[in-house]
2 protein chains.
Amino acid sequence: MSSIQDVAALAKVSTATASRALSRPEMVADGTRKRVMKAAQQLGYQPNVLARSLRQRETRTIGLIVADILNPFHALLAKGVQDTAEEQGYVTFLFNSDEQPEKEARAIDTLRGHLPQGLIVVPTSGTREHLKTLPNLPVVELDRVSGNPQASTVTVDNVGGARAATDHLIGLGHRRIGLIVGQQDISTAVERQAGYHDALKAAGLSPCPELMRSGQHREDDGSRAATELLSMPAGQRPTALFVGNNEMTVGAVLAARELGLRIPEDLSIVGFDDSRWAQTMLPPLTVIAQPAYELGVHACEQLFGLLRGAGRPAHLQLSTELIIRHSTGPPHRS
Amino acid sequence: MSSIQDVAALAKVSTATASRALSRPEMVADGTRKRVMKAAQQLGYQPNVLARSLRQRETRTIGLIVADILNPFHALLAKGVQDTAEEQGYVTFLFNSDEQPEKEARAIDTLRGHLPQGLIVVPTSGTREHLKTLPNLPVVELDRVSGNPQASTVTVDNVGGARAATDHLIGLGHRRIGLIVGQQDISTAVERQAGYHDALKAAGLSPCPELMRSGQHREDDGSRAATELLSMPAGQRPTALFVGNNEMTVGAVLAARELGLRIPEDLSIVGFDDSRWAQTMLPPLTVIAQPAYELGVHACEQLFGLLRGAGRPAHLQLSTELIIRHSTGPPHRS
DNA sequence: GTGAAAGCGCTAACAC
DNA sequence: GTGTTAGCGCTTTCAC
């Protein structure tokens, strides 16, 4: 790798001039600029980002921690962030917490040494604590919130989405509607549960604890919860399920099939988050769709706002959309 | 951020000693080590990786370029690489080429400035050319090969996998078997086509160009190709399809549904690469499964081998597995 | 076992 | 407009 010294030597100028010619062309005479450019070209010169960052105390780098890159929703978030960062000339360090606070803590530590100028994180339950090691770093929380008052947030209207899902089921005539959501220390789970409650109450139905389960966001958890709910005696088992997470929805659908329940004749299901899987399974799934890629884009834009010194943390909420497909219908007989 | 100077000052030693105490504890007296450790702890000291890398001319960083992070296969590759790199204390820079040689070129340029110690890449058609700008960097090509003689490769047995898929269909009694694969400048597409050929020839069937289509790896391409093939008159249209890529398989299945063809009664389908979607769709898909995560792990291990100076490039090939589910059956009537 | 000093590659004052 | 110089934070000779 040739350095700026080599370029300067070849162009017969000082390193300072070479540096200027390359990063601030207007500060240099035309002829010089051309000579330097040519020399750089010839040597295949690429500035050493480490040295530059060290000197400028600016890495043009951001950190991104998602909870599960194998989950298509998170992959889309990541792509939205990364595409947007790249447009602005920033490089993204992507880490995976795998929903584990300890892995998140390690990612944050690693990140810290690389001096990112900002951080976007899909929080776990430990985030608020872990972020204390980075007191002055601009942070945007994505999809979920940790309660950290310093951070900006970009989320969807989980309460509204859950309400829409539940209303849809109620409107079809369902009265015993089961709920499966994520861990209670994750904001999205809490909010979706709240929306479900709201809708039931508004319809004069009383939320019933036996019909509610919470799991850890994985397919297994969804399938276990659904199996429990659907194994209740005929008059008591729910005729419909609202599942507050894409992975758990897969589990719930498989559990229903396992039990020989037909969808939607014997059981209606609404999932949260759309995906290709939801569209192509049989029957295609009724879902609350979220603008995943846009969430990522907005998070990145929020972060750049903070970097430019746009003052206090902001809270952006995008809306969701109920997409009615064929996994929901009126209850067969009650 | 406190620097090693602060730590040294607090521990009342020189920066040299502080540095040694932290990175080479055995070179320092016990008492000193403890004082330094304590000071570091107290200040929440985290070494500045940039400065260290600059000095040591070693970034403990690798680059990874995948073709499409939204494709679960590539997400798994990425996770395999990243998990393995992390175990070894290396950080991974992840980029996406989106199957576009120009985006790949940009990723490589960006990467170059960050001085990764090695690169793992799922090549596009431009890779071989682009890598010339990094003549001395250890490179592992993952899943596909660009023909670059310098690079190690980690791939699967595409010929064998395709042959197994085709043999399976032939064994069921199919005679008109359609093929849909990726671009002809991508090695996996070429090899899968070769395996398909082999199998047909071995069975005394002659490969027939009208039954073969190639696309750009996307769902759309699969659906377009399948629509063409399946719209042929009844006696000519294929009774089975081998689709050489997961995304295009989705497209093919949807196209078949669109045309009112039942799977497997009217049409058998074998896909390449397993996925959750393949398992949960109705009917569950017969596929050639690839060890995606392991591919990533092995690629990373190969790279570390090269970093340790393990000499010449190696070529590792993992095997695939035919998983028979319910999307294949005997032809209904011929 | 410890400290002084040099230098990785770059940019930003500061002179001229 | 251009060159000289200092220094970002770290590790590593080289003395002692």
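By convention in this document, chain letters (A, B, ...) are assigned in the order of the sequence lines, proteins followed by strands, and residues within each chain are numbered from 1.
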Is a side-chain N or O of Ser19(B) found less than 3.5 angstrom from the main chain of Thr15(B), in a donor-acceptor match?
no
Encode nucleotides 7-13 of chain D as B, S and - characters from 5' to 3', where the letter depends on protein heavy atoms closer than 4.0 Å: B to the base, S only to sugar-phosphate, - to neither.
BBBBBBB
Angle, rounded to 10°, between the helical axes spanning five pairs at each terminus of the helix from dG1(C)-dC16(D) to dC16(C)-dG1(D)?
40°
Whether the Asn148(A) and Gln150(A) side chains hold a donor-acceptor pair (N or O, under 3.5 Å, no angle test) is what I'd like checked.
no
Considering every strand and a 4.0 Å limit on heavy-atom distances, what is the contact class for Thr32(B): base, sugar-phosphate, or nothing?
sugar-phosphate
Just by distance, no angles: are the side chains of Gln82(A) and Thr92(A) close enough, under 3.5 Å, to form a donor-acceptor pair?
no
Answer with yes or no whether the side chains of Glu301(A) and Thr84(A) bring together a donor and an acceptor at under 3.5 Å.
no
Run the side-chain hydrogen bond (donor to acceptor under 3.5 Å, both in side chains) test against Lys132(A) and tell me which residues pass, sequence neighbours left out.
Glu129(A)
Is the backbone N or O of Gln302(B) less than 3.5 Å from a side-chain atom of Ser152(B), with the two atoms forming a donor-acceptor pair by type?
no
Between Leu119(A) and Phe93(A), does the side-chain contact (heavy atoms from CB on, under 4.5 Å) criterion hold? Intermediate values first, please.
CA-CA 9 Å; Leu119(A) 174 65; Phe93(A) 280 94; over 6 Å; no
Closest non-hydrogen atom pair between Asp68(B) and Asn96(B), with its separation
CA-OD1, 3.5 Å
